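Just follow the structure's listing: the first ligand is 1, and inside any ligand the first atom is 1. Note that this is a predicted model, so its numbers are computed, not measured.
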Amino acid sequence: MSSAPAFQPVLQRIAQEIAQSPGRGRPADYIPALAACDPNRFGMAVAELDGTVYGVGDWRQPFSTQSISKVFTLALDLAHEADALWEHVGREPSGNPFNSLVQLEYENGIPRNPFINAGALVVTDRLHTQTGDASGTLLDFLRAESGNAELAVNQDVAGSEAAHGDRNAALGHFMAAYGNIGNPVPVLLDEYFRQCSVEASCADLALATGFLARHGVRADGTRLLTQRQAKQVNAVMLTCGTYDAAGEFAYRVGLPGKSGVGGGVIAVVPGRCTLCAWSPGLDEHGNSVAGVTALDRFTTLTGLSVF
Ligand code: GLU
């Protein structure tokens with residue numbers, strides 16, 4: 001890591017602005033283990049393509065990655081089976097809440113996109129079939145890309161999700177009835193809850209997202225995705241990555257991004273850098289209030305957006 005201060009002043013300015021801004025939203029309470037998080041926590045990291053990382057606030061504090069994990073399982077599955085995945089999940093915004101069941105019946109058990117829960121369940125199911133260990137494959141990838149061998153599943157959060165996972169179970173069984181799930185649903189749910197319960201910091205996640213800014217190339221120089229696939233994942237993040245507020249996120253931030261109900265948000269400046277902001281207070285769509293504001297300020301202050 002270099003000590004060059006390139007992004008440090010802008011991060012410090014953003015942290016000061018966030019500290020003065022009122023209204024942080026509320027932590028997710030439908031997963032009880034997340035409800036206790038303090039909405040005043042805030043951290044942000046920027047990783048350059050060579051692995052240089054800058055950070056501010058709680059940027060080294062691990063948090064629950066939740067739906068951010070769906071970007072990595074999507075990329076890992078595409079690396080294994082390429083376009084065959086797209087016969088089982090679409091790539092259009094859903095316009096519905098992330099855990100909605102209604103659209104699935106109209107659309108014969110094919111979820112709209114890989115980032116709503118139904119679509120993420122399909123991706124995890126397929127990755128599990130490809131690898132025999134979806135959550136382990138995810139963890140290995142995150143550890144390698146972040147350089148942090150300590151990354152792990154928080155078993156309390158995974159247990160809390162399982163204990164309150166009726167809606168995800170319903171999605172899994174419903175899609176199984178359409179033949180769109182290959183593994184036993186309880187096995188799939190266990191993998192999915194473990195995946196969502198991986199804890200990582202802003203620094204870890206900014207680094208792990210780097211392959212999307214490097215057009216598919218991993219930290220060690222090997223290729224995970226083709227350039228075309230990396231473009232496609234970025235595009236799906238831009239259009240579907242922030243629940244049914246993806247239009248607002250694109251409008252404010254102007255980058256491919258993915259949020260999770262743990263309060264993290266990752267974003268990609270293709271060819272330049274990757275970002276992760278974290279603050280546990282969420283808006284009504286499930287996006288981190290301070291996290292999205294921080295990314296908005298970053299692209300506004302630096303001019304680094306895809307537009
Ligand atoms: N594990 C969460 C769920 O399935 C993920 C939600 C999210 O971050 O969007 O409900």
Side-chain angles (χ1 to χ4, degrees), residues 25-35 37 39 62-74 89 93-101 103-104 111-125 127-128 134-135 138-139 142 153-175 181 185-200 202 205 209 236-237 240-246 249 257-267 276-289 291-292:
R26 295 183 39 209
D29 54 8
Y30 78 105
I31 301 171
L34 297 181
C37 290
F63 61 87
S64 196
T65 58
Q66 292 296 318
S67 280
I68 293 175
S69 65
K70 296 171 182 175
V71 170
F72 304 106
T73 49
L74 172 63
V89 61
S94 74
N96 278 310
F98 65 98
N99 54 7
S100 171
L101 277 147
Q103 214 162 35
L104 262 186
R112 270 291 173 98
N113 69 65
F115 294 150
I116 53 173
N117 282 14
L121 285 164
V122 168
V123 172
T124 299
D125 177 61
L127 182 62
H128 197 62
S135 57
L138 169 69
L139 257 183
L142 293 177
V153 171
N154 181 322
Q155 301 291 353
D156 288 345
V157 174
S160 186
E161 292 212 41
H164 298 84
D166 290 334
R167 192 169 264 275
N168 285 317
L171 290 168
H173 285 291
F174 196 63
M175 291 189 293
I181 296 293
V185 172
V187 171
L188 165 60
L189 291 174
D190 187 50
E191 288 298 313
Y192 174 76
F193 294 140
R194 287 173 56 75
Q195 156 191 336
C196 291
S197 305
V198 170
E199 292 195 335
C202 291
L205 290 171
T209 308
V236 178
M237 289 169 73
C240 310
T242 41
Y243 309 114
D244 48 344
F249 184 85
K258 182 75 200 85
S259 55
V261 297
V265 198
I266 58 171
C276 181
W278 171 65
S279 184
L282 308 180
D283 65 18
E284 69 275 20
H285 298 290
N287 294 312
S288 169
V289 172
V292 174

Going by the order shown, which atoms of ligand 1 are within less than 4.0 Å of some heavy atom of [X]?
X	value
G260	8 (O)
Y30	2 (C), 3 (C), 5 (C), 6 (C), 10 (O)
C196	1 (N)

Does only the side chain of [X] get under 4.0 Å from ligand 1, or the backbone, or both, or neither? Count heavy atoms.
X	value
R167	neither
N168	side chain
Y243	side chain
S67	both

Without hydrogens or angle criteria, can the side chains of [X] and [Y] be said to hold a donor-acceptor pair below 3.5 Å?
X	Y	result
S67	K70	yes
S135	Q195	no
Y192	D125	no

Close N or O approach (S259, ligand 1; < 3.5 Å): no
Contact (N/O only, under 3.5 Å) between V261 and ligand 1: yes
Any Y192 heavy atom less than 4.0 Å to ligand 1: yes
Atom 5 (C) of ligand 1: nearest protein contact (heavy atom, Å): Q66 OE1, 3.1 Å
Taking atom 1 (N) of ligand 1 as the reference point, the nearest protein heavy atom with its distance: E161 OE1, 2.5 Å
Straight-line distance of E199 CD to D156 CG, nearest 0.5 Å: 9.0 Å
Considering all heavy atoms, the nearest S64-S197 contact: OG-CA, 4.2 Å
Exam field: side chain T124 to backbone A120, donor-acceptor pair closer than 3.5 Å: yes
Expected output: side-chain N113 to main-chain P93 donor-acceptor under 3.5 Å: no
S259 and N287: CA distance, side-chain angles, deciding distance, side-chain hydrogen bond (donor to acceptor under 3.5 Å, both in side chains) verdict: CA-CA 6 Å; S259 55; N287 294 312; 2.5 Å; yes
